[in-house]
Amino acid sequence: MRNRYFSQDPAQNRVALALYESVVNLPLVCPHGHVDPRLFAEPDYQFGSPVDLLIIPDHYIFRMLYSQGVSLDELGIPPSNDPPRSPRSSGGSVPDKSGRDFKAESLDHRAIWQRVCDHWRLFRATPTGIWLRDELADVFGIELKLNSANAMAIYDAIEDTLQRPEFRPRALFERFNIEVLATTDAAADTLAHHKAIRDSGWGGRIIPTFRPDAVVNIDAPGWRENIDRLSDVSGVTVSDFSSYIHALEQRRDFFKAMGATASDHAALTAYTVFLAHSDAEAIFQRALQGEASEKDAARFTGHMLVEMARMSSEDGLVMQLHIGAWRNHNWEIYAQYGPDMGADIPIRGEFTKNLKPLLDRFGNLRDMTLVLFNLDETTYSRELAPLAGHYPIVRLGPPWWFFDSWLGMTRFLDAVVETAGIYNLAGFNDDTRAYPSIPARHDVWRRVCADWLAGQLLRGFIDEEDAYAMIRALAYDLAKQTYRLDG
Amino acid sequence: MRNRYFSQDPAQNRVALALYESVVNLPLVCPHGHVDPRLFAEPDYQFGSPVDLLIIPDHYIFRMLYSQGVSLDELGIPPSNDPPRSPRSSGGSVPDKSGRDFKAESLDHRAIWQRVCDHWRLFRATPTGIWLRDELADVFGIELKLNSANAMAIYDAIEDTLQRPEFRPRALFERFNIEVLATTDAAADTLAHHKAIRDSGWGGRIIPTFRPDAVVNIDAPGWRENIDRLSDVSGVTVSDFSSYIHALEQRRDFFKAMGATASDHAALTAYTVFLAHSDAEAIFQRALQGEASEKDAARFTGHMLVEMARMSSEDGLVMQLHIGAWRNHNWEIYAQYGPDMGADIPIRGEFTKNLKPLLDRFGNLRDMTLVLFNLDETTYSRELAPLAGHYPIVRLGPPWWFFDSWLGMTRFLDAVVETAGIYNLAGFNDDTRAYPSIPARHDVWRRVCADWLAGQLLRGFIDEEDAYAMIRALAYDLAKQTYRLDG
Amino acid sequence: MRNRYFSQDPAQNRVALALYESVVNLPLVCPHGHVDPRLFAEPDYQFGSPVDLLIIPDHYIFRMLYSQGVSLDELGIPPSNDPPRSPRSSGGSVPDKSGRDFKAESLDHRAIWQRVCDHWRLFRATPTGIWLRDELADVFGIELKLNSANAMAIYDAIEDTLQRPEFRPRALFERFNIEVLATTDAAADTLAHHKAIRDSGWGGRIIPTFRPDAVVNIDAPGWRENIDRLSDVSGVTVSDFSSYIHALEQRRDFFKAMGATASDHAALTAYTVFLAHSDAEAIFQRALQGEASEKDAARFTGHMLVEMARMSSEDGLVMQLHIGAWRNHNWEIYAQYGPDMGADIPIRGEFTKNLKPLLDRFGNLRDMTLVLFNLDETTYSRELAPLAGHYPIVRLGPPWWFFDSWLGMTRFLDAVVETAGIYNLAGFNDDTRAYPSIPARHDVWRRVCADWLAGQLLRGFIDEEDAYAMIRALAYDLAKQTYRLDG
């Protein structure tokens with residue numbers, strides 16, 4: 001249905017469709033996400049089985065099945081301390097979300113797919129259900145609704161389709177009309193895949209994003225080893241806080257040279273603090289010795305957010321801040337399967353107090369951008385919109401994660417636009433590992449915006465000129481401008 | 001109006017009505033509430049006056065009148081330290097909410113009813129107003145709108161009706177089409193009324209629920225006496241923490257034998273903690289001596305929630321947790337009239353951190369159920385839906401108390417379904433003392449769900465098959481399954 | 001459009017319009033705002049330029065422009081430590097929001113107006129945009145949409161209009177059909193303008209409001225000088241806590257004699273505490289010595305809120321409490337331009353615990369009124385509605401500041417009415433410095449209420465009698481009654 005998801009009110013439905021159709025052919029701008037760059041580094045990269053592609057990397061899907069008593073084993077999720085398994089499916093190879101190569105037997109995958117389809121009712125009225133339905137229809141041409149009876153037929157159809165040359169990642173990139181796709185990459189990453197893409201002469205714009213969490217959060221598992229890796233790749237021997245900062249600056253320069261326009265930072269809270277150099281040095285030395293406390297870790301992260309803002313003010317990388325997820329809340333699942341298993345649970349957010357030390361230093365700059373993301377909707381109207389409607393550096397990222405949904409987006413627009421307008425928003429980003437779901441995700445955002453603006457127009461808050469300008473900004477311009485992607 | 005409360009959009013109104021009518025004749029499942037079992041223990045129990053039945057036990061009604069300057073005395077609310085009053089109305093007898101027998105003069109009751117009707121405008125657009133209107137119409141056949149002029153005529157009509165045999169509680173139980181009704185009972189309760197119901201041979205299913213707050217919260221008034229009562233009824237002399245635990249286990253077994261399928265726990269916060277046995281023992285001994293501190297009380301309750309989860313994991317009672325009400329906030333009212341006087345005020349809720357100790361131990365079980373209730377709507381999308389969409393034991397109770405309302409339910413569905421789906425919800429429960437309001441309360445829930453699903457269907461998020469399956473689940477199946485009532 | 005902003009559903013639109021039209025001619029009751037009384041003290045007061053009138057005093061406008069890189073200098077905002085500038089525009093004189101006289105050159109003002117119009121898209125879908133559009137149309141007769149091309153023509157039209165005698169403040173007061181307008185005045189204010197208004201014989205009712213923050217918050221800049229001023233105007237030499245209380249009581253009496261019916265109190269949080277006299281005295285003495293700590297300041301404010309409640313319980317002034325704004329969050333802007341520069345950012349609110357000491361003492365009074373305002377929408381349903389639906393003294397102020405908007409008001413009604421009804425609300429107040437925007441602001445409130453009630457009526461929650469009574473109460477009666485303005 002061309003007018004799917006829009007309000008059932010006939011007038012609003014009609015206006016929403018017209019607004020939507022005015023932007024439906026605009027390219028997709030993807031300034032933040034987690035697609036593996038390797039998909040594009042090998043010209044003939046072929047996806048694995050339907051389960052490799054659609055189930056195993058998608059913690060939205062398996063968390064829901066897990067909540068209803070399906071074990072992760074039954075869904076083909078590999079235990080975390082297993083050695084990399086040998087390929088088991090007949091298709092190609094897909095790196096799983098933790099970077100391990102993982103293939104299950106084709107036969108296993110059929111059983112997994114059947115199991116997912118047997119439970120498909122769980123996804124009724126969820127974005128996961130909608131994305132997969134839209135993706136099957138629009139990418140794979142499968143209009144059937146998943147159920148126990150048709151599971152194998154659909155599996156076969158997807159499997160066949162994935163063999164075809166037009167389903168190679170690069171071909172899909174063009175078919176999806178993606179203008180630019182940003183990946184997310186560790187500070188110590190060599191960006192070898194990005195280099196290979198460049199060297200290949202292929203014209204698709206795949207750019208890295210500088211994500212230093214693994215070397216910034218001194219309580220992250222493997223932090224010490226990550227520091228050594230940072231020394232290696234940067235050519236700066238990290239032995240104290242100054243050389244550490246220097247190495248990070250070197251990496252940012254390298255990322256910029258490789259096309260990056262943004263950094264990304266994840267933290268439990270938005271806490272920032274500006275430490276004296278000697279204090280930062282002392283914490284850093286304790287961390288090197290493995291003697292840092294929990295409080296050290298919080299203060300160090302808080303200080304490093306200010307340092308990173310300082311670097312952004314100098315090198316122009318757009319700073320993204322994602323806060324509010326208690327990672328790996330389920331220790332048993334974490335112990336057995338590792339991170340990113342659908343067990344991250346949000347906590348309350350706070351920005352007004354927490355961000356003040358950073359904003360005191362950099363909030364009034366005209367040529368810096370800070371994009372805020374968060375998992376506590378109460379901050380939208382109370383803190384985020386007022387901050388974005390005042391500080392020149394602040395832009396609001398689109399609704400994140402659990403709120404990347406029809407109602408989540410609608411609540412976001414309802415909560416922030418009256419205070420911050422739309423021009424302090426960062427547009428949309430899909431934030432996904434699930435490459436073939438990208439068009440479906442952007443489509444939902446564009447439809448939400450069209451429907452919301454249609455309501456505003458029909459009620460007389462805005463006029464047609466406004467509505468058409470706003471839908472274009474929300475669908476395309478704001479993302480491009482915010483992330484400095486026109487250069 | 002058959003289609004009352006539904007969206008005024010003609011298409012949505014029509015679809016909502018069809019969905020609603022597909023479940024309107026399903027029995028009512030009432031797995032959590034506060035109806036007095038005595039109503040069913042005496043075969044010919046007769047309700048008192050209209051005021052006994054509809055006003056005095058309903059703190060939703062008198063809190064609103066109180067907020068506008070009507071004193072509780074003027075509404076017939078008895079002071080808390082009064083000796084039990086002798087029957088004053090011509091009708092039967094109804095225990096008030098604190099378990100005291102209370103009857104006011106019939107004449108007084110007419111004045112009280114007049115006073116309530118004189119202020120009836122206060123309930124415009126409130127669930128209390130809607131429930132009473134629907135109850136008068138559907139249970140008593142009174143279609144008039146309450147006002148000063150018709151107050152006495154309506155009083156007479158209700159009073160007359162209450163005399164009739166078909167208005168005995170057991171007759172209404174059948175007329176209301178209640179499949180099962182759970183009461184809420186103190187751990188030290190002998191369940192004498194439940195026993196009498198069983199022994200009477202009447203077929204109505206009235207089951208107890210194990211509610212140990214009075215012996216768990218060591219700062220509760222009368223805790224020490226309650227412990228003695230626990231010793232008496234359990235036959236286990238409670239002298240230390242081990243015998244205390246043993247006595248509680250004995251009571252749970254007794255409740256199970258009497259038909260209970262669930263326990264219920266109320267606390268100010270969801271704080272849980274796992275104490276060493278020696279720490280629990282030390283606090284318990286201080287409590288026995290009357291020397292426990294406020295911090296002791298919080299830690300003890302936190303530990304006992306974990307203990308109760310452990311017991312649930314063993315005996316299979318569904319664990320319910322109601323958090324967030326600052327009980328008896330108005331000390332003057334509490335001092336004069338006692339608890340449950342409409343003066344409980346919510347505070348902020350938090351689950352992600354608070355429940356972790358409990359979830360670390362029991363969160364991944366497949367055969368345990370924890371139903372969460374709460375009075376802070378901000379936790380719906382931020383914490384509750386993500387927890388329910390991951391942990392196998394977690395289910396979300398329906399909107400509680402102030403949120404047991406059209407808009408409260410709609411916000412709940414909007415906030416949780418996209419993340420948790422509907423199959424991690426516990427369906428509906430009416431949580432009421434007001435027995436004749438039960439059908440009206442379930443009716444509002446069923447109508448909200450029908451209207452919400454109609455919107456989802458017309459917008460294309462779900463199809464007809466989904467919508468009809470979902471309305472049935474929300475109206476009936478989920479409550480029955482969650483509370484293990486099919487056995 | 002007569003039916004602007006109403007739901008596009010034809011039935012709801014029609015009913016909303018009918019409800020709206022039933023109140024459209026009722027006078028405006030303005031019990032809380034920040035209009036300068038001087039406008040009415042001089043019979044022939046003339047507004048300055050369009051920029052003096054519409055831009056410079058309106059931090060809603062310049063914060064948004066600032067957030068998009070326009071400096072405050074470019075908008076004519078004077079640095080805070082400048083001596084008062086001489087008049088620069090050809091028109092009259094308007095005091096800016098900090099009480100300084102400020103006029104920019106007419107030529108400058110044209111450039112400023114052009115700049116604002118060049119950025120007018122920023123206000124799409126914001127209340128600021130809507131108010132100015134409605135104000136230009138309804139007050140100035142200008143139906144054009146602001147843009148770069150028509151900026152100067154519109155400037156000329158406004159400038160011309162402002163010369164006309166019917167655009168003097170007193171003439172507008174009558175044209176706007178304002179029944180009463182309350183200003184907000186420091187405790188040490190002599191109310192000279194109010195006196196001049198009275199003495200002039202003009203019939204417009206302009207009343208003061210007692211706002212003692214500057215002498216209550218001991219950490220406020222200039223507190224010590226303000227105490228001296230308090231001594232001067234009260235005739236009570238303030239040397240200790242008792243004389244301080246006495247001086248405040250004297251001022252309240254004076255304000256009452258000058259027509260005040262209310263006091264107003266702003267604080268970061270709703271924290272209240274009741275200190276022993278000796279503790280209050282000790283803090284007061286430390287404050288006089290300039291030695292009070294941050295904690296002293298918080299406790300003193302908390303205690304003074306209780307003291308002010310005590311005074312209200314005695315003298316009958318309605319007590320207003322505005323909490324939740326972190327004032328002057330942007331220190332650079334504060335240092336350069338002073339307060340009220342659009343850089344106040346909300347923080348989380350809490351009432352249940354914080355207000356208890358005050359409510360314990362005065363919450364059950366029948367003849368006292370406490371009106372609560374707040375910038376954290378999560379408190380609406382969780383704390384404010386339950387408090388208002390129980391305590392006789394509590395009324396809820398309308399949505400404040402960022403939430404004085406179509407969606408903000410709608411969310412407020414959705415969140416509070418089911419629990420508190422409408423009769424525990426304080427109706428509307430415009431809380432504005434922007435005098436000519438008053439009718440537009442009241443109009444939005446009346447339209448929101450009409451639309452909301454139309455939805456309630458069409459869905460069958462209320463009937464016509466209810467709806468017409470409720471729209472009148474919300475539009476007019478509740479404000480008048482709550483603020484005791486009928487006397």
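Throughout, protein chains are lettered first and strands after them, A, B, ... in sequence-line order, and every chain is numbered starting at 1. Treat the numbers as computed from the prediction; the structure is a model and nothing was measured.
Most heavy-atom pairs under 4.5 Å with chain C: of the set N330(B), D376(B), I130(B), D451(B), this distinction falls to N330(B). Per-residue heavy-atom pair counts under 4.5 Å with chain B were compared for A469(C), G455(C), S381(C), G421(C), and the maximum is reached by S381(C). Ranked by heavy-atom pairs under 4.5 Å with chain C, the list G349(B), P346(B), G69(B) is led by P346(B). Ranking H390(C), M470(C), Q456(C) against chain B, the residue ahead of the rest is H390(C), based on heavy-atom pairs under 4.5 Å. By number of non-hydrogen pairs under 4.5 angstrom with chain B, the leading residue of L458(C), N424(C), I462(C) is N424(C). The candidate with the highest count of non-hydrogen atom pairs below 4.5 Å against chain C, out of I347(B), I345(B), T126(B), is I345(B). The candidate from P386(C), A420(C), A388(C) with the greatest count of non-hydrogen atom pairs under 4.5 Å with chain B is P386(C). Ranking T378(C), D414(C), L365(C) against chain B, the residue ahead of the rest is D414(C), based on heavy-atom pairs under 4.5 Å. Top candidate by heavy-atom pairs under 4.5 Å with chain B, chosen from V417(C), D367(C), T379(C), I422(C), is V417(C).
The ring pair (Phe, Tyr, Trp, His ring centres under 6.0 Å) search around H303(C) returns F241(C), F274(C), not counting sequence neighbours. With sequence neighbours excluded, the residues forming a salt bridge (charged side-chain N to carboxylate O under 4.0 Å, His left out) with K145(B) are D463(C), E465(C), D466(C), listed by chain and number.
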Please determine whether side-chain contact (heavy atoms from CB on, under 4.5 Å) holds for the pair H329(B) and K356(C), giving the CA-CA distance in whole Å, both sets of side-chain angles, and the decisive distance to 0.1 Å. CA-CA 8 Å; H329(B) 189 267; K356(C) 196 168 188 310; 3.8 Å; yes

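Side-chain atoms of R63(B) come within 3.5 Å of backbone N or O of G389(C) as a donor-acceptor pair.
For W331(B), the parts lying under 4.5 angstrom from a heavy atom of chain C are both the backbone and the side chain. With a 4.5 Å cut-off on non-hydrogen atoms, A467(C) does not touch chain B at all. Using a 4.5 Å cut-off between heavy atoms, R348(B) contacts chain C through both its backbone and its side chain. The contact between E383(C) and chain B is made by backbone and side chain atoms together, counting heavy-atom distances below 4.5 Å. Of the two parts of L359(C), only the side chain, counted from C-beta on, holds a non-hydrogen atom closer than 4.5 Å to a non-hydrogen atom of chain B.
Going from atom CE of M64(B) over to atom OH of Y423(C) covers 10.5 Å, rounded to the nearest 0.5 Å.
Residues of residues 391-412 of chain C that come within less than 4.5 angstrom of chain B, heavy atom to heavy atom, are Y391(C), P392(C), R395(C) in numerical order. For residues 4-14 of chain B, heavy-atom neighbours of chain C at less than 4.5 Å comprise R4(B), Y5(B), F6(B), S7(B), Q8(B), D9(B), sorted by residue number.
Around CZ of R366(C), the count of heavy atoms belonging to other residues, nucleotides or ligands within 6.0 Å exceeds 12. No more than 12 heavy atoms of other residues, nucleotides or ligands sit less than 6.0 Å from atom NZ of K353(C).
Residues R382(C) and L375(B) are not in side-chain contact: their nearest non-hydrogen atoms beyond the backbone lie 4.5 Å or more apart.
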